[in-house]
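For reference, the structure discussed in these notes is given below.
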Amino acid sequence: MINIYTVKWGTKYGAEHVNKIFVQCKKQTSKEFKFFCLTEDSANLIDDIEVIPFPDNNYYEKWWNKLYLFDKNVVTHAGEKLFLDLDVYLQHSIDPIIDHEPK
């Protein structure tokens, strides 16, 4: 199983963008996965998306919130991880990415 993450902060991208990536992942992989969204606003996200709130003392803005993906106090899940930006569109299977074994 793989953990797939997105980060949504502010109003540039809404819940519909996160939901779209989640649905695309379900369509474009045969692998088992958990889907997470780091955000300060979880309104209207699909129920199967697990929300990771930003820390209360969040001082990052915009894309800098992606740094929380490397903070073991925020992202505590073990195992392989895949990050997808909210502006990507998955046209084909992502199984080769998930199966890739870095050397």
Side-chain angles (χ1 to χ4, degrees):
M1 178 169 33
I2 190 162
N3 299 313
I4 301 175
Y5 297 86
T6 61
V7 177
K8 181 181 83 63
W9 177 87
T11 58
K12 182 174 182 181
Y13 295 99
E16 66 275 8
H17 293 92
V18 178
N19 294 339
K20 180 179 73 172
I21 295 284
F22 174 72
V23 170
Q24 289 173 10
C25 285
K26 288 184 72 129
K27 181 180 176 185
Q28 297 296 354
T29 186
S30 63
K31 309 297 180 179
E32 189 176 337
F33 68 91
K34 286 188 178 183
F35 194 92
F36 300 91
C37 179
L38 283 81
T39 185
E40 82 287 357
D41 179 10
S42 62
N44 301 315
L45 293 179
I46 292 173
D47 289 340
D48 289 338
I49 297 172
E50 297 188 39
V51 173
I52 302 172
F54 293 128
D56 290 334
N57 60 348
N58 180 20
Y59 55 87
Y60 291 130
E61 293 185 11
K62 300 180 182 177
W63 52 82
W64 292 107
N65 282 290
K66 293 175 187 175
L67 291 174
Y68 285 122
L69 292 167
F70 301 97
D71 187 328
K72 292 180 181 181
N73 295 312
V74 177
V75 175
T76 59
H77 315 96
E80 294 296 320
K81 297 169 178 63
L82 173 65
F83 168 74
L84 297 172
D85 265 325
L86 293 176
D87 59 354
V88 301
Y89 183 82
L90 304 177
Q91 297 181 24
H92 303 285
S93 174
I94 60 172
D95 288 351
I97 296 169
I98 294 171
D99 290 338
H100 178 72
E101 291 290 335
K103 301 202 185 311

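The hydrophobic cluster containing Tyr59 also contains Trp63, counting ILVMFWY residues as joined when their side-chain heavy atoms lie under 4.5 angstrom apart, directly or transitively. Clustering ILVMFWY residues whenever any of their side-chain heavy atoms sit less than 4.5 angstrom apart, transitively, puts Leu82 in a cluster other than the one holding Phe70. Cluster membership for Phe36 and Tyr68, using ILVMFWY side-chain heavy atoms within less than 4.5 angstrom, is shared.
Evaluation of the ring-ring contact (aromatic ring centres under 6.0 Å, His included) rule for Phe33 yields no partner, not counting sequence neighbours.
No more than 12 heavy atoms of other residues, nucleotides or ligands shown are found within 6.0 angstrom of CD on Glu80.
A donor-acceptor pair under 3.5 Å links the side-chain atoms of Asn19 to the main chain of Ile46, judged by distance alone. Listed for the Asn65 side chain is a donor-acceptor partner under 3.5 Å among the backbone atoms of Lys62.
How far CZ of Phe22 is from NZ of Lys27: 14.5 Å, rounded to the nearest 0.5 Å. In this structure, Leu90 CG and Gln24 CD are separated by 4.5 Å, a value rounded to the nearest 0.5 Å. In this structure, His77 NE2 and Met1 CE are separated by 10.0 Å, a value rounded to the nearest 0.5 Å. Note: Asn44 CG to Ile49 CD1 = 11.0 Å, rounded to the nearest 0.5 Å. Here Asp87 contributes atom CG and His17 contributes atom NE2; the two are 8.5 Å apart, rounded to the nearest 0.5 Å. To the nearest 0.5 Å, atom CH2 of residue Trp64 and atom CG of residue Asn58 are 13.5 Å apart.
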Next item on the list: Quick one: do Leu69 and Lys81 satisfy side-chain contact (heavy atoms from CB on, under 4.5 Å)? Show the steps, please.
Entry: CA-CA 9 Å; Leu69 292 167; Lys81 297 169 178 63; over 6 Å; no
Check: Going through the checks in order, is the side-chain contact (heavy atoms from CB on, under 4.5 Å) test met by Thr29 and Ile97?
Finding: CA-CA 10 Å; Thr29 186; Ile97 296 169; over 6 Å; no
Next item on the list: Evaluate the side-chain contact (heavy atoms from CB on, under 4.5 Å) criterion for residues Lys8 and Asp41: first the C-alpha distance (whole Å), next the side-chain angles of each, then the deciding distance (0.1 Å), finally the verdict.
Entry: CA-CA 8 Å; Lys8 181 181 83 63; Asp41 179 10; 3.8 Å; yes
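Using a cutoff of 4.0 Å between basic side-chain nitrogens and carboxylate oxygens, Lys66 and Asp85 are scored as salt-bridged.
Thr39 is not listed as a side-chain neighbour of Trp9, based on a closest heavy-atom distance of 4.5 Å or more. Considering only heavy atoms from C-beta on, Ile98 comes within 4.5 Å of Ile94 through its side chain. Residues Thr6 and Phe35 have side chains in contact (heavy-atom distance under 4.5 Å, counting atoms from C-beta outward).
With ring centers used as reference points, Tyr5 lies 6.0 Å or more from Phe83.
Annotation for Ala43 and Ala15: closest pair O-CB, 3.3 Å, computed over non-hydrogen atoms.
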